[in-house]
Amino acid sequence: MPPPTVDPSRAEPPAVPPPEPAPLRRKVRRWLVGRPRSVEDPGVFHHLSLVAFLAWVGLGADGLSSSSYGPEESFKALGSQVALAPFLALATAFTVIIIAAAYSRIIEHFPFGGGGYIVATRLLGPGAGVVSGSALMVDYVLTITTSVAAGAEAIFSFLPPQLHSQSFAVEVVAIGVLVLLNLRGVRESVTVLAPIFAVFLLTHAVLIGGSVLSRVDEVHVVTEQVRGGLSTGVATLGLGGMFALFLRAYSMGAGTYTGIEAVSNGLQIMREPKVETAKRTMVLMAISLALTAGGITFAYLLLHVTPVAGQTMNAVLASRFAGAFQLAGLPVGQWFVWITLLSETLLLFVAAQAGFIDGPRVLANMAVDSWAPHRFAQLSDRLTMQNGVLLMGGSSLLALLYTKGDITTLVTLYAINVFITFSLSQASMCRFWWRERRARADWRRRISIHVVGLVLCLSILLVNVYEKFREGAWVTIVVTGAVVGVFVWTRAHYRKVQQSLRRLDDILPSMPQTKAPVRELDPRKPTAVLMVGGYAGLGVHSLLTIQRLFPNYYQNFVFLSVGVIDSATFRDIAEVVEVKERTRAALDQYVALAQGLGLAATARMALGTEAVETATQLCREVAREFPRALFFAGKLVFEQERWYQRVLHNETAYQIQRRLQFAGLNAMVLPVRLLEEAPGSSAAAAA
């Protein structure tokens, strides 16, 4: 309903209070998260971006940590046919290289990031894109949960049984710490975790290299053992049976390949030149993961590692390798085992970082396309995707509660989604090069790697779904389907709102185009300050409503606008400048319109990552310049009110009004009604 009628001529000019000291809550938040950063500082992009090594730490830890459980799962699936281990090691390394090379090609064609979601959306359509994005979101939540749960399990395996009941509390605290680190910023969190990554690389290089070198003089013995094992296996199972066993073991190690796509998803955090930095990061990730996963599998065979109750196979491998030091009388054997396993344990916590880096970025890309609530595309004053980080942390806690931290269940849920995205990405690139076959003479060479990648990824996906469907794979399929459903419903809602907003734009062609004599501003006279976004019907309707409610009273009109820098525009300083210019152009149109109506008008603007706080500060500055100002914000309202509006829309106008009133300034929300909207649609659109 319209606001109550008031007589502005009797209102006293509000006294503009001085800025109040920051409350204790804000001081504590600044201490935990850090001070705000300026989006207009060109150096901020350099400070926030990562060189190849740090990107390798932040994004490569997910893949490397999978060597703690991926090779073990595949090796166990061989059973007594361990003679297949060398071929399994080669197949693992080959698959890592193929998938990494395919994603390097994707980076070249999609240099602004987005990974599997953007690729599938652009090349296969929005339907495939939302499936890929949903699978990625579930995958990154499980990345966090699985990594933290596995890390905690490894820690408590060294502690007395009576302390094992505290494992869940440690996992919750670990997720909380990672959330806090990522609220401060990606670079800060990665820098803290880099030493753990380096120790893992060093110890595992020694473990794998030492295992191979220790058996160099027995190459002929190992060769004969493998040859004899293969002959026995073929005689027992047949050639087809051996191949089926190999394919099953190969697919059971699907967890080994998770995280390879992280670089293409996180391209925005790379140091310029982004594409070259990302490709170097991908090379580092591929080589390190191929050597580690393949090397561990081969080392199992060389040192005759077999499963031991209560220990991981990597722990058994480290113990057997360290036994050589003990035989030589060196006191470093047990220390090496402890350092190796501790670095492996801590790297699992580091691997959760990939979920916090890439999960919010995928969600932000989907929010820009209106699949997810728009607030997930916003940046915090620390220039982090705060809402996405909090959602990832909260969702991982829910997954932890549901699975009770059981690693077997988590790994079963984990491996399915990443191969859905892998398969869609490779299918997308196959379609791209097939369409380009007449324009590019080298299309066969370029499509070949994606065809091979598609065959590998589909094979692993189908075998995993078949083998593990009853063991819990159905849960992740149902959850991913539910996420797809939520995203589809959200986009349908936003489309209805946008259609209603477009109806307001019908008024624009009828507005006066001629210029009237420009009137001078007088700060001593009553001033209407109208907060607007882009030049559109909503802002024009608000201006006309002020004229209708208070005819000939306001002598000055000031248009305010905040250029919001979100994840879609926070790529480099050129994007920020473009937002600034676009905001200024819209304000110029409003000023020209007001002057065409014979009004004295001007405009003010600011840039920020969040509209409410920035707009409130801008209003306080305008109030000092125009003491008799009344602030207006237009808000679209519909006939039906729904509970989900607070999630999908940020209620900007009401939030600004509340803050201004507490600051001692008068503010009014102008409802712009649309009665044509179908029942059941949104009741409020964001300003």
Donor-acceptor contact present, side-chain [X] to main-chain [Y], <3.5 Å:
X      : Y      : result
Asn464 : Ile460 : yes
Asn417 : Ser132 : no
Ser423 : Ile420 : no
Ser74  : Pro71  : yes
Ser147 : Ile144 : no
Thr236 : Gly233 : no
Thr203 : Phe200 : yes
Ser251 : Arg248 : no
Ser343 : Thr340 : yes

Chi angles and distances behind the side-chain contact (heavy atoms from CB on, under 4.5 Å) call for Val206, Phe321: CA-CA 10 Å; Val206 173; Phe321 174 71; 4.2 Å; yes
Residues in salt bridge (charged side-chain N to carboxylate O under 4.0 Å, His left out) with Glu224, at least two apart?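 Salt bridge (charged side-chain N to carboxylate O under 4.0 Å, His left out) list for Glu224, sorted by chain: Arg227.
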Just verifying a value: how many Å separate [X] [atom1] and [Y] [atom2], rounded to the nearest 0.5 Å?
X      : Y      : atom1 : atom2 : result
Ile99  : Gln426 : CD1   : CD    : 7.5 Å
Leu64  : Leu348 : CG    : CG    : 11.0 Å
Leu207 : Leu317 : CG    : CG    : 4.5 Å
Leu342 : Glu344 : CG    : CD    : 10.5 Å
Leu284 : Leu289 : CG    : CG    : 12.5 Å
Leu247 : Met242 : CG    : CE    : 13.5 Å

Start with the C-alpha gap between Val138 and Val483, add the side-chain angles, then the distance that decides, and say whether side-chain contact (heavy atoms from CB on, under 4.5 Å) holds. CA-CA 8 Å; Val138 176; Val483 173; 4.0 Å; yes
Could you walk me through whether Phe419 and Phe422 satisfy the ring-ring contact (aromatic ring centres under 6.0 Å, His included) test, starting with their C-alpha distance in whole Å, then the side-chain angles of each, then the deciding distance to 0.1 Å, before giving a yes or no? CA-CA 5 Å; Phe419 277 94; Phe422 280 176; 5.1 Å; yes
Quick check: do [X] and [Y] have side-chain heavy atoms less than 4.5 Å from each other?
X      : Y      : result
Leu230 : Leu84  : yes
Trp474 : Val478 : yes
Thr421 : Ser425 : yes
Lys279 : Tyr103 : no
Thr306 : Val316 : no
Ile175 : Leu400 : yes
Leu363 : Tyr140 : no
Leu291 : Ile208 : no

Tell me, with the steps shown, if Glu171 and Ser167 meet side chain to side chain donor-acceptor pair (under 3.5 Å). CA-CA 6 Å; Glu171 292 163 2; Ser167 176; 3.2 Å; yes
Show your reasoning for whether side-chain contact (heavy atoms from CB on, under 4.5 Å) applies to Arg361 and Met366. CA-CA 9 Å; Arg361 294 189 180 279; Met366 300 187 76; over 6 Å; no
Tell me the closest heavy-atom pair linking [X] and [Y], and the distance in Å.
X      : Y      : result
Ala100 : Met282 : O-CG, 3.6 Å
Ala322 : Val337 : CB-CG2, 3.4 Å
Leu303 : Ser214 : CD2-OG, 4.2 Å
Gln81  : Gly229 : OE1-O, 3.8 Å
Cys430 : Val451 : SG-N, 3.7 Å
Val212 : Phe298 : CG2-CD2, 4.4 Å

ring-ring contact (aromatic ring centres under 6.0 Å, His included) partners of Tyr300, counting only residues at least two apart: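 Residues passing ring-ring contact (aromatic ring centres under 6.0 Å, His included) with Tyr300: Phe75.
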What salt bridge (Lys or Arg N to Asp or Glu O under 4.0 Å) pairs are there with at least one residue in residues 63-72, not counting sequence neighbours?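 The answer is Glu72-Lys76.
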Begin from the C-alpha positions of Leu456 and Phe94 and carry the test side-chain contact (heavy atoms from CB on, under 4.5 Å) through to its verdict. CA-CA 10 Å; Leu456 292 176; Phe94 175 75; 4.2 Å; yes
Taking atom types as modelled, is there a side-chain donor on Thr145 or Ser396 under 3.5 Å from an acceptor on the other?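 Their side chains do not contain a donor-acceptor pair, so the 3.5 Å distance test is not met.
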Thr95 versus Tyr250, side-chain donor and acceptor atoms under 3.5 Å: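 A donor-acceptor contact under 3.5 Å links the two side chains.
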